[in-house]
Amino acid sequence: MITLPRRLALAGGAALLTGGAASVGPAPGIAASDGLHSRAQSKGMFYGAAIDHAMLRRDAAYMARVPVECGMVVAEASFKWEQIRPTPDRFAFEAAEELMAFAASRRLRVRGHTLVWHEAMPDWLPAQLSPATGERILATHVRTVAQHFRQRLAHWDVVNEVVQPEDGNALGLRSTPWLKALGPRYLDIAFETCAATDPGALRVLNEYGTDYAVPWEEKKRGALLDLLASLKARNVPIQAVGLQAHLDASQVALDQKVLNNFVNAIASMGLGIIVTELDVRDNNLPADIASRDAAVAAHTRAWLDAVLACPAVSGVMSWGLSDRRSWLNEKYTRADGLPQRPLPLDVDLGRKEMWEAIAASLATAPHRIVV
Ligand code: 9MR
């Protein structure tokens with residue numbers, strides 16, 4: 001097991017005590033050449049993580065670790081409508097630009113997340129969306145935001161979480177203000193406007209709930225594949241699928257064959273695949289840290305091995321890098337009140353078994369050319 005928590009804790013503590021900004025370069029004593037991104041790169045892939053804006057501003061030690069492990073970053077919230085569109089007439093890019101500046105100074109690539117979602121909408125937006133206004137509102141947003149970041153983003157999550165077969169739509173689309181205002185063509189408008197404005201950013205449909213061999217996820221996988229086929233058939237310029245991979249270490253229905261068939265089916269349509277939001281919740285496991293970490297690592301390894309076996313998968317992003325900060329501690333609290341341990345680094349920025357599982361899975365993955 002590779003653990004460097006003490007040395008890292010000291011390095012990080014020093015940075016915090018001196019109030020030093022996350023200074024350029026990796027934390028002392030840790031080489032980026034040993035990090036997850038370098039390991040991914042040796043297979044033609046990338047590794048990255050989502051960055052929370054408060055961590056970016058306040059936690060210099062955390063941010064110093066980002067370039068060690070990552071070649072790509074994505075904002076947890078700063079590119080969403082709620083942040084960028086405080087009013088119908090105002091575009092506010094300040095928070096997003098803070099991440100862009102950090103990434104530029106560390107030579108990290110950036111994913112844009114996300115142009116269309118049914119959550120994180122400013123209050124004014126659903127109130128104004130209608131069949132009469134929808135196309136103008138959507139196209140204006142996508143055009144303005146994609147133009148603002150033009151040639152600076154590696155990917156755009158053009159649409160996020162659009163599939164929900166239980167909602168009863170014939171195409172398996174989730175019932176959202178976008179679908180209600182525009183019907184399924186909101187997808188076409190978003191992808192086409194993004195392609196016309198910033199053709200160099202890879203255009204991604206990002207989705208969750210496709211990980212396990214349980215009935216609702218089986219339906220969701222099927223609906224997603226059907227939707228992709230219909231988008232391709234009408235030449236909607238989608239280029240890749242993002243698999244969020246919000247995993248649950250207590251879930252026993254992880255079927256590698258099912259998963260591998262699913263990613264291969266996406267690849268066979270000529271689409272790329274990115275693992276976009278990997279984390280593993282442990283809120284249904286007993287308290288013991290060693291057994292929790294082992295279960296999270298084994299689960300990560302099994303899931304990633306099945307997915308990375310497909311050479312169309314170009315990279316892996318985790319939804320955060322260290323257990324210091326995870327949305328899971330807000331959404332799925334443990335009954336015993338203990339914090340969850342869902343990410344590759346622990347709260348002292350030491351590498352956990354999950355880090356080793358990711359490194360091992362990257363090491364056994366076949367080499368690929370697409371990055
Ligand atoms: O982790 C994100 C959290 O900090 C935000 O408050 C929330 C709303 O903007 O979004 C969370 O990120 C979600 C992501 O954008 C889409 N997939 C699910 C993620 C976890 O909810």
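For the single chain, residues carry numbers from 1 onward in sequence order. Because the structure is predicted, anything quoted here is derived from the model rather than measured. Just so you know, ligand 1 is whichever comes first in the structure, and atom 1 is the first atom listed for that ligand. Side chains included, hydrogens not; waters and symmetry mates left out as well; all remaining heavy atoms used.
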key: Contacts of type ring pair (Phe, Tyr, Trp, His ring centres under 6.0 Å), residue H299, not counting sequence neighbours   = Y212
ask   = Tell me, which residues have any heavy atom less than 4.0 Å from some atom of ligand 1?
value = E76, K80, H113, W117, A120, N160, E161, Q244, H246, E277, W319, R325, W327
inquiry  = Within a 6.0 Å radius of atom NZ on K232, are there more than 12 heavy atoms belonging to other residues, nucleotides or ligands?
reply    = yes
task = Would you check if L321 and V66 make a side-chain contact, meaning some heavy-atom pair closer than 4.5 Å?
result = yes
request  = Only pairs at least two apart or in different chains count here, so list each ring-ring contact (aromatic ring centres under 6.0 Å, His included) that has a residue in residues 249-287.
outcome  = none
task = Hey, could you give me each pair passing side-chain hydrogen bond (donor to acceptor under 3.5 Å, both in side chains) that has a residue in residues 261-271? Not counting sequence neighbours.
result = N260-N264
task = Can you label the angle between the H113 ring and the W117 ring as parallel, tilted or perpendicular, going by 30° and 60°?
result = tilted
